[in-house]
Engineer: 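Take a look at the following structure, please.
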There are 2 protein chains.
Amino acid sequence: MAIKDKKLKMMTLDQLKDRDIGEVGTPERDQYEFELKMEVLGNMIKSVRKERHLTQEQLGQLIGVQKSQISKLERNTKNVTIETILKVFNALKANVKFSVQLDQSDLNIA
Amino acid sequence: MAIKDKKLKMMTLDQLKDRDIGEVGTPERDQYEFELKMEVLGNMIKSVRKERHLTQEQLGQLIGVQKSQISKLERNTKNVTIETILKVFNALKANVKFSVQLDQSDLNIA
DNA sequence: TAAAAAGTTGATTTATATGGAAACTATTTG
DNA sequence: CAAATAGTTTCCATATAAATCAACTTTTTA
C-alpha cells in the first residue's frame, strides 16, 4: 500500500521554524520571534484604532503626537517602551494586561 | 440604634485614589498608575530571579549586563522597552504574556 | 476623475533607556 | 566580628525610542 510505504513526513510549525530560522535560543531565532511580536503589536494598535473608528490623526491628537508617529507605531515597530504602549491603548480605552507565567503560578502586573 | 444613625462612610480603594491622587485620566493619576505598574514589574523580576535562585550578578551574566543594571531594573524602574523585559524574563525561563482587552474580545500578543 | 483625506516615509532633533565602572551599603557566612 | 558576597547608587557615555516636519503615496468620496 502506497500510504504504508511512503513514510509521510509531517512537521509542526515549530519544527519548521527550528529548521528554517534557527533553534530557540539562537540569536537569529530570538530576533525573529521578537520582530514577530512587534509586528503583532503594531497590527493590534491599528485594529483597535479601527474598532474605535479613529484616524491616525485623531488618535495622535488624543495622546498629543502627530499622525506620522502613530503610523510608525503601527508599522515600523522595532521596539517600544511600556509607557508608549500604555499611552496608546489607554487613549483607545483598551485594557492592557501583562502577565508573567512561571511554571505553575501566574504573576500579574497591571 | 447607634448603627442606624451613624451613617457609615465606606470607600473603595478606587474612591480613595480618586480623592487623594486624582481622577482617572488626570496626569497625576495616570502618572501614579504608571509608576505603580513599573514598581510591580521590578518586583516581579526580583521575585522570579529569587525563585530561580540566582544573584543579580548571575542573571546579569545570562543576558550580558552588569549586576548594577539588574539592580536598576528591579528598583529604579521608570520605564522600560519591551525588548528588555523579554530579554530578562527569557533568561529567567518565564513566559511573558501580553494581551489587550477590548470590551468583550481579547486580542493576544505573544 | 479630480480633490480631499488618510496614511507613509525620510531626514532630523530631542529625550531617555541601556549600560559600564567604581565606590558604596547591606547581608550572609565561616 | 571580619571577610566575603550580594545589592545599591552615582556619574557618565552611547545607543536608540520618541517625536516633528515636510514631502510623498495611497485611498476615499463628491
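When reading the values below, keep in mind they use all heavy atoms of this one structure, side chains included, and skip hydrogens, waters and symmetry mates. Chain A is the first sequence line, chain B the second, and so forth, proteins listed ahead of strands; every chain is numbered from 1.
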Engineer: 5' to 3' on DNA chain C, which nucleotides open and close the contacts with chain B (atom under 4.0 Å from a heavy atom)?
Structural biologist: C:dA17 to C:dA22

Engineer: Any heavy-atom pair between the side chains of B:K37 and A:L86 that's under 4.5 Å?
Structural biologist: yes

Engineer: At what angle, to 10 degrees, do the two end axes of the helix from C:dT1-D:dA30 to C:dG30-D:dC1 meet, given five pairs define each axis?
Structural biologist: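 Taking the rotation axis at each end, their angle is 50°.
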
Engineer: Out of B:Q69, B:Q56, B:K46, which one pairs with B:E74 under the side-chain hydrogen bond (donor to acceptor under 3.5 Å, both in side chains) rule?
Structural biologist: B:Q56

Engineer: Please examine the side chains of A:L54 and A:L62, heavy atoms only from C-beta on, and report whether any two atoms are closer than 4.5 Å.
Structural biologist: yes

Engineer: With a 4.0 Å limit, can you tell me whether B:S71 has a side-chain N or O closer than that to the phosphate oxygens OP1/OP2 of D:dG7?
Structural biologist: no

Engineer: Is B:F89 reachable from A:V24 through a run of hydrophobic residues whose side-chain heavy atoms are each under 4.5 Å from the next?
Structural biologist: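 Per the 4.5 Å side-chain linkage, A:V24 and B:F89 are not co-clustered.
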
Engineer: Using a cut-off of strictly less than 4.0 Å between a heavy atom of the residue and any atom of DNA chain D, enumerate the qualifying residues of residues 26-35 of chain B by number.
Structural biologist: none

Engineer: Summarise how protein sits on nucleotides 16-30 of chain D as a single string, 5' to 3': B when a protein heavy atom is under 4.0 Å from the base, S for sugar-phosphate-only contact, - for no contact.
Structural biologist: -SSBBBB--------

Engineer: I would like to know whether A:T84 and B:N79 meet side chain to side chain contact (heavy atoms under 4.5 Å, CB included); could you show each step before the answer?
Structural biologist: CA-CA 9 Å; A:T84 300; B:N79 193 8; 5.8 Å; no

Engineer: Looking only at non-hydrogen atoms, find the nearest pair between B:G25 and B:D30 and report the distance.
Structural biologist: N-OD1, 3.3 Å

Engineer: Is a side-chain donor-acceptor pair under 3.5 Å present for A:S71 with A:S68?
Structural biologist: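 Absent: no donor and acceptor within the cut-off.
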
Engineer: Report which part of the nucleic acid B:T55 touches: base, sugar-phosphate, or nothing (heavy-atom distance under 4.0 Å, all strands).
Structural biologist: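 Result for B:T55 = sugar-phosphate.
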
Engineer: Nearest 0.5 Å please: distance from the CG atom of B:L102 over to the CG atom of A:N95.
Structural biologist: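 One finds 10.0 Å between CG of B:L102 and CG of A:N95.
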
Engineer: Between B:E33 and B:K17, does at least one N-O distance fall below 4.0 Å, as a salt bridge requires?
Structural biologist: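 Judged by the 4.0 Å cut-off on N to carboxylate O distance, B:E33 and B:K17 do form a salt bridge.
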
Engineer: Could I get the full list of side-chain contact (heavy atoms from CB on, under 4.5 Å) partners for B:E57, not counting sequence neighbours?
Structural biologist: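 If we apply the side-chain contact (heavy atoms from CB on, under 4.5 Å) test to B:E57, skipping adjacent residues, the hits are B:T55, B:Q61, B:K67.
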
Engineer: Grab the CD-P distance between B:E57 and D:dA6 for me, whole Å please.
Structural biologist: 7 Å

Engineer: Salt bridge or not between A:R29 and A:D18? Use side-chain N to carboxylate O under 4.0 Å.
Structural biologist: yes

Engineer: Which ILVMFWY residues are connected to B:Y32, directly or by a chain of links, through side-chain heavy atoms under 4.5 Å apart?
Structural biologist: B:I21, B:L36

Engineer: Can you find a heavy atom in the side chain of B:V80 that is under 4.5 Å from one in the side chain of A:T81?
Structural biologist: no

